[in-house]
Structure formats: C-alpha cells, structure tokens
Engineer: 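The structure's right below; bear with me while I get my questions together.
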Amino acid sequence: MLAITVTTGTGPVRSRPAAGELTGLLRRMPEMHKAMARVLPGGLPRRAAPGVRRAAVPWAAPLYVGAVQLGAYATARLPGRRRTELLRAHSTNVANLRAGRWRTLVTSAAFVEHPLPVPYGAALLAALGTAEVRWGARRAAGVFAAGHIGASLLVYAGLRARGHGRTAQVPAGDAPPDGTAQAVDVGASYGFNATVGALAATVPHRGVRAAATAGLLTLAAVPVLRRGRTFTDAGHLAALVLGVAMGAGMRSGTGGDGAGANQA
C-alpha cells in the first residue's frame with residue numbers, strides 16, 4: 001500500500017495512507033467484510049435490532065417472587081379467620097367474579113395460601129427469570145398475566161356451565177349453595193404454568209421443543225383425568241395450553257425463540 005511517511009529529526013513518526021489509497025480501501029470494505037465472515041467461526045457478530053434489549057440479569061422476576069413470599073409470611077401471622085377472609089376477598093372464585101369483582105383477576109396473583117416451599121419458589125423464579133432474560137420484562141409479564149387471567153376466566157366459565165355458579169339464585173348476603181363458589185383461589189400457579197408452556201414452545205430445536213411440550217401437556221392432563229380432580233387442576237392445564245399457544249405465536253412471529261421482538 002502506497003503511504004506517505006512523516007519524518008522528524010529523530011526519524012519516522014507515523015505513516016498513513018494517501019488519499020487515493022484511502023478511497024480504494026473504503027471501496028474494498030464490503031469484500032473484506034465477506035472474507036472475514038468466511039474465516040471467523042460463526043461469522044461476524046450481528047448488531048442487535050433497533051429497540052431490542054435483553055436483560056443480562058432479571059430484576060422483575062426476583063422482585064415479584066420476593067414480594068409474594070414476604071406477603072405470604074405476613075399473611076400467615078394473621079388470625080385464622082381474618083386470613084381466610086383476606087384470601088377469599090382476592091380469590092378468582094365464582095362469587096367474586098359473578099359479583100363483578102374483576103380486580104381479583106390481578107390481585108389473586110399477589111397472594112398465596114402458604115409461604116412458597118423452597119423447591120417451588122426456586123422453580124418459579126427460574127422460569128420467570130429465564131422468560132425475562134429471553135423476552136424482556138414486559139413480554140414475560142404479559143405471558144404470565146395472560147395465562148393467569150385467561151385460565152381463571154376459563155375455570156370460571158366452566159364452573160358456571162356445570163352449575164357451580166348457582167349463587168345468582170341466592171339473595172345477596174346469603175351463603176352460596178356450593179362451597180366452590182367461595183373457594184380460596186389465589187397464587188401464581190396459573191401464570192407459572194403459562195410461562196413454562198411458552199418457554200417450551202419457543203425452544204429452537206424442533207425435537208426438543210416437541211418432546212418438552214408433549215411432556216408438559218401430559219403431566220398437566222393426568223390430574224384432570226383422575227376421579228378426584230379439582231377445578232385448579234383444570235386451570236393448570238388451561239394455563240399451560242395458553243402458554244404453549246403464546247409461545248408458538250412468538251416463534252412464528254420471530255422465526256426463532258421469540259426473543260426478536262421489542263423488549264424492555
């Protein structure tokens with residue numbers, strides 16, 4: 001390469017390309033880029049798409065799980081009757097939803113009947129944290145909320161359809177004819193199942209994705225098929241199905257693991 005050397009009394013200091021050579025070098029940049037992409041393993045690193053930002057360390061998941069656990073310890077210190085009344089007031093049961101207390105669809109995810117066992121709390125934190133890192137806090141929260149609210153509404157509709165919502169025939173203030181109508185139904189399990197389902201449905205490898213999704217659906221369906229099933233078992237299955245559907249939608253929308261959408 002032709003260069004101009006700048007000298008002083010002590011000898012050459014630095015060299016830089018002449019103007020013509022610099023222009024030629026700029027023209028050859030696309031060819032050099034292609035050559036480097038062929039040589040480097042995996043090619044050159046790609047710049048993140050505009051607006052895409054992955055969280056290196058999740059913050060929303062630990063904050064949520066920690067708040068739920070602290071609230072559970074605080075609730076456990078209340079007298080038994082007061083504690084039951086509080087949990088029932090925030091439950092997504094038939095009585096609350098029939099009376100139009102739709103806020104319980106949100107507040108029920110902030111309460112649990114008992115402090116989270118360590119294995120369950122760790123699994124919840126791992127699932128929500130993984131989702132936050134892969135999709136961002138807003139999308140991970142959206143999947144959790146959609147699964148929690150969607151499964152709660154499906155369970156409510158199923159109980160009403162089966163006649164468990166006969167509270168409409170009872171005067172206001174009277175006890176409902178079915179204990180299920182005022183059951184305590186709080187917790188993070190619906191959102192947890194939806195998140196796990198979405199994570200399984202966005203696994204990049206097709207075989208692993210199919211095996212994980214089928215395995216999770218089978219595990220969730222077994223309790224529903226048993227004689228002693230509860231409405232919560234049906235809710236877990238519904239939430240998992242919703243999560244798998246959301247994961248499939250994210251995968252088809254981004255052509256990968258659903259992480260290519262705008263994140264925060």
Engineer: Over all heavy atoms of both residues, which pair between Ala151 and Gly235 is shortest? Give the atoms and the distance, please.
Structural biologist: CB-O, 3.6 Å
Engineer: Would you say that Thr195 contacts Leu128 through its side chain, given a criterion of any heavy-atom pair below 4.5 Å between the two side chains?
Structural biologist: yes
Engineer: Ignoring hydrogens, what is the shortest heavy-atom contact between Thr202 and Arg209? Give both atom names and the distance.
Structural biologist: N-CD, 4.4 Å
Engineer: Rounded to the nearest 0.5 Å, how far apart are NE2 of His114 and OG1 of Thr75?
Structural biologist: 11.5 Å
Engineer: State, yes or no, whether a side-chain contact exists between Glu132 and Trp59 at a heavy-atom distance under 4.5 Å.
Structural biologist: yes
Engineer: Quick one: CG on Leu219 to NE2 on His236, what's the gap to the nearest 0.5 Å?
Structural biologist: 13.0 Å
Engineer: Quick one about Thr92 and His148 (side-chain donor to acceptor, distance below 3.5 Å, no hydrogens or angles considered), yes or no?
Structural biologist: no
Engineer: Any chance you could measure Asn96, atom CG, to Asp185, atom CG, to the nearest 0.5 Å?
Structural biologist: 10.0 Å
Engineer: Is there a path of hydrophobic side-chain contacts, each under 4.5 Å between heavy atoms of I/L/V/M/F/W/Y residues, joining Leu153 to Val94?
Structural biologist: yes
Engineer: Identify the heavy atoms of Pro223 and Asp233 that sit nearest to each other, and give their distance.
Structural biologist: CB-CG, 3.8 Å
Engineer: Are side-chain heavy atoms of Leu87 and Thr84 found at a separation under 4.5 Å?
Structural biologist: no
Engineer: Got a second to check how far Arg81's CZ is from Leu86's CG, nearest 0.5 Å?
Structural biologist: 14.0 Å
Engineer: Can you name the closest pair of heavy atoms from Val203 and Val208 and give their distance?
Structural biologist: CG1-CG1, 3.8 Å
Engineer: Do Arg229 and Leu225 have side chains that approach each other closer than 4.5 Å (heavy atoms only, starting at C-beta)?
Structural biologist: no
Engineer: Would you say that Leu199 contacts Trp135 through its side chain, given a criterion of any heavy-atom pair below 4.5 Å between the two side chains?
Structural biologist: yes
Engineer: Are any non-hydrogen side-chain atoms of Ile149 and Tyr190 less than 4.5 angstrom apart?
Structural biologist: no
Engineer: Quick one: pull up CG in Asn193 and CG in Leu124 and give me the separation to the nearest 0.5 Å.
Structural biologist: 10.5 Å
Engineer: Quick one: closest heavy-atom pair of Phe192 and Ala127, and the distance?
Structural biologist: CE1-CB, 3.5 Å
Engineer: Going by atom types only, do Tyr73 and Arg77 share a side-chain donor-acceptor pair under 3.5 Å?
Structural biologist: no
Engineer: Starting from Tyr120, can I reach Val65 by hopping between I/L/V/M/F/W/Y residues whose side chains sit under 4.5 Å apart?
Structural biologist: yes
Engineer: Are Phe111 and Val184 connected into the same hydrophobic cluster when the rule is that any two of I, L, V, M, F, W, Y join if their side-chain heavy atoms are below 4.5 Å apart?
Structural biologist: yes
Engineer: So, do Leu97 and Leu105 sit near enough that their side-chain heavy atoms are less than 4.5 Å apart?
Structural biologist: yes
Engineer: Is there a chain of hydrophobic side chains (I, L, V, M, F, W, Y, each step under 4.5 Å between heavy atoms) that links Val133 to Tyr64?
Structural biologist: no
Engineer: If every non-hydrogen atom of Ala183 is compared with every non-hydrogen atom of Ser91, which pair is closest and at what distance?
Structural biologist: O-CB, 3.7 Å
Engineer: Please tell me whether Leu78 and Val186 are part of a single hydrophobic cluster in this structure, the criterion being side-chain heavy atoms less than 4.5 Å apart.
Structural biologist: yes
Engineer: Do the rings of Trp102 and Tyr156 sit parallel, tilted or perpendicular, given the 30° and 60° boundaries?
Structural biologist: perpendicular
Engineer: Would you compute the distance between atom CD of Glu85 and atom CZ of Arg82 and round it to the nearest 0.5 angstrom?
Structural biologist: 6.5 Å
Engineer: Taking the side chain as everything from C-beta on, heavy atoms only, tell me whether Val143 gets closer than 4.5 Å to Met250.
Structural biologist: yes
